[in-house]
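This report concerns only the one structure given below.
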Amino acid sequence: MKTRFKIESHEFRGAFDIELTIGSGQTSQPAWSKNGKYFQELISVDNNACLVKIAHKPNSDDPIDIIAESKEQIAEEQIKARIMEIFGLNDDLPKLYDFLRSDPKLEPTIDFCKGLRLFKADNIFESVVCSITSAHNSIRQWNKAINLLKEKFGDEYKFSSGTFYSFPSPQVLANAPEHEFDEEECDPELLKTRASWKDLRSCRVGYRSKYIIKASEMVQNEIDLQKVSRMDYETAFDTILKIPGVGPKVGDCILLYGYGFGKAFPVDIWISRIVAKLYFDEKNVSNPKMRKFGIERFGNYAGYTQLYLFHYARKSGLMKTLKK
DNA sequence: CACCAGGTGTCTT
DNA sequence: AAGACACATGGT
């Protein structure tokens, strides 16, 4: 099945910059690949694999252009609903901007981040592994690692525009070896083939391989990721923090980019720097206090405020003067 | 070679 | 509650 349709600008509220949204390093999933003017990725719609190609002229009134391909018949409305969800098109950006404008310290982020939306997970388990892998890592590197995980352990789907891989199930990753061979002792000839080894280390996840295996086991046995979406925010936070490799920052990333909990306020190095500068007279404040501050001050907009401050802090050049 | 990248786990004060 | 340190990997 191949179908083409549009999402008109009146079907969502406010600006939309798809390239910024996809490329801003949100830990729900790696950036979608680019093919001509389209961004494309394999997503799951009603348990069917569906290739989506999507293009939009940033912050314009042009409709969003979508092409979807799948083996099974899928209702267009279902695909549209998934896309609306993944790209945060159900979020009311004009209302967010009213909120940001109400605080002079946040107001400058609006122009800088115009059309930036939450890039939500297609697959919650994927967002858990992405968030774990993003810790103490660069955006580029965790994107590469997740794509390797998909190629080596996911299911393959071929389309005319390329080959795509689903994100592997918890069962598959729980049983994936950390090391396929002992790199110290194996034959030098074998070592040359390392890139093709089917183990977690060859996916370049580094020391996080143990966390990924253990997290996969827990998701299989004791933590129902679907249930977490129905919990209140603090209960969900406590639950997700039981997973190894998931601390406060990674946990909030999972809750925000994976589930869409608007209250989540992931405190990383950039948020720590810019919130200290804007709200604490550049004094050092502990991360737990910073998190509490964000949740209490920004409420249900904490997540979006974090997203906008993060992008602003990294890209505006404002922070160059006070790294540390 | 040192230091950093969207921190976390573990072990000490 | 807060500080010190290791941790894979790749880039500058």
Side-chain angles (χ1 to χ4, degrees), chain A residues 20-31 109 113 116 118-121 127-149 176-184 191 194-195 197 199-215 218 237-238 240-258 264-277 283-292 294 302-316 318-320 322-324:
Chain A
L20 181 56
T21 297
I22 283 178
S24 53
Q26 303 181 48
T27 64
S28 46
Q29 53 182 308
T109 65
C113 303
L116 174 59
L118 281 176
F119 185 36
K120 306 252 283 298
S127 77
V128 171
V129 178
C130 286
S131 299
I132 288 173
T133 309
S134 75
H136 196 55
N137 209 347
S138 66
I139 293 172
R140 225 176 65 172
Q141 212 164 178
W142 75 254
N143 268 253
K144 190 180 84 177
I146 300 302
N147 284 327
L148 282 168
L149 273 181
E178 200 185 344
H179 296 274
E180 188 168 26
F181 305 104
D182 187 329
E183 296 191 18
E184 303 296 321
L191 189 59
R194 193 178 68 165
W197 293 1
D199 59 16
L200 291 180
R201 285 307 176 100
S202 66
C203 299
R204 322 319 282 153
V205 297
Y207 63 89
R208 307 166 192 83
S209 53
K210 284 186 173 61
Y211 302 154
I212 292 172
I213 292 168
K214 184 66 182 154
M218 290 180 74
F237 184 76
D238 293 341
I240 216 85
L241 247 68
K242 292 176 184 160
I243 300 173
V246 179
K249 188 271 172 183
V250 167
D252 269 334
C253 278
I254 294 169
L255 294 183
L256 180 59
Y257 304 123
F265 192 74
V267 177
D268 59 51
I269 183 66
W270 289 101
I271 288 300
S272 176
R273 283 173 189 155
I274 194 163
V275 171
K277 177 179 170 61
K283 281 196 276 286
N284 280 331
V285 178
S286 74
N287 284 13
K289 278 185 182 161
M290 202 75 88
R291 172 170 177 264
K292 190 164 180 287
Y304 257 106
T305 302
Q306 188 272 358
L307 178 61
Y308 273 54
L309 280 175
F310 172 73
H311 185 68
Y312 182 69
R314 285 206 326 149
K315 302 290 186 181
S316 70
L318 176 73
M319 307 307 294
K320 268 192 293 194
L322 76 157
K323 278 216 173 184
K324 169 101 195 91

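Being a predicted model, the structure only gives us computed values, none of them experimental.
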Q.
With a 3.5 Å distance limit and no angle check, can you tell me whether A:Asp252 reaches the backbone of A:Val267 through a side-chain donor-acceptor pair?
A. no
**Q.** Stem list, DNA chain B (Watson-Crick or G-U pairing under 3.5 Å, at least 3 consecutive pairs)
**A.** B:2-5 with C:9-12, B:7-13 with C:1-7
Q | Rounded distance in Å - CG (A:Asn287) to P (B:dG7) | A | 10 Å
(Q) What contact category does A:Ile269 fall into here, base, sugar-phosphate, or nothing, at under 4.0 angstrom with non-hydrogen atoms? (A) sugar-phosphate
Q. What does A:Gly25 touch in the nucleic acid at a heavy-atom separation under 4.0 angstrom: a base, only the sugar-phosphate, or nothing?
A. base
Q: Round to the nearest Å and state the distance from A:Trp142 atom CH2 to B:dA5 atom C1'.
A: 13 Å
Q: Mind listing the closest non-hydrogen atom pair of A:Thr27 and A:Cys253 along with its distance?
A: OG1-CB, 3.4 Å
Q: Calculate the interatomic distance between A:Ile139 atom CD1 and B:dG7 atom C1'; express it in whole Å.
A: 14 Å
Q) Quick one: A:Met290 CE to C:dA2 C1', roughly how many Å, whole number? A) 15 Å
Q) Has the side chain of A:Ser202 got a donor or acceptor atom that lies under 3.5 Å from a matching backbone atom of A:Trp197? A) yes
Q. Is there a donor-acceptor pair under 3.5 Å between the side chain of A:Gln26 and the backbone N or O of A:Phe119?
A. yes
Q) Which atoms form the tightest heavy-atom contact between A:Ile254 and A:Ser127, and what is the distance? A) CG1-O, 4.1 Å
Q: Name the nucleic acid region contacted by A:Val267, choosing base, sugar-phosphate or nothing; use a 4.0 angstrom heavy-atom cut-off, strictly under.
A: nothing
Q) Has the side chain of A:Tyr304 got a donor or acceptor atom that lies under 3.5 Å from a matching backbone atom of A:Leu118? A) yes
Q | Reading 5' to 3' through nucleotides 6-11 of chain C, protein heavy-atom contacts under 4.0 Å coded B for base, S for sugar-phosphate only, - for none | A | -BBBSS
Q: With C1' as the reference atom in both, quote the distance from B:dA5 to C:dA2 in angstrom, rounded to an integer.
A: 24 Å
Q: Using the P atom on both, measure B:dT8 against C:dG10 and round to a whole Å.
A: 22 Å
Q) Start at the 5' end of DNA chain B and walk down; is the nucleotide closest to A:Ile243 or to A:Ser24 reached first? A) A:Ser24
Q: Check A:Cys203 against A:Leu148 and note the closest heavy-atom contact, atom names and distance.
A: O-CD1, 3.6 Å
Q) Whole Å only: how far is the CD1 atom of A:Ile254 from the P atom of B:dG7? A) 14 Å
Q | Donor + acceptor pair across side chains of A:Arg201, A:Ser209 (<3.5 Å) | A | yes
(Q) Please find the pair of heavy atoms, one from A:Ser28 and one from A:Tyr257, that lie closest to each other, and give the distance. (A) CB-O, 3.4 Å
Q) Which whole-number value in Å describes the distance from A:Lys242 NZ to B:dT8 P? A) 18 Å
Q. What is the nucleic acid contact for A:Pro288, judged by heavy atoms within less than 4.0 Å: base, sugar-phosphate only, or nothing?
A. nothing
Q | Atom pair distance, as rounded to whole Å: CD1 in A:Ile271 and C1' in B:dA5 | A | 16 Å
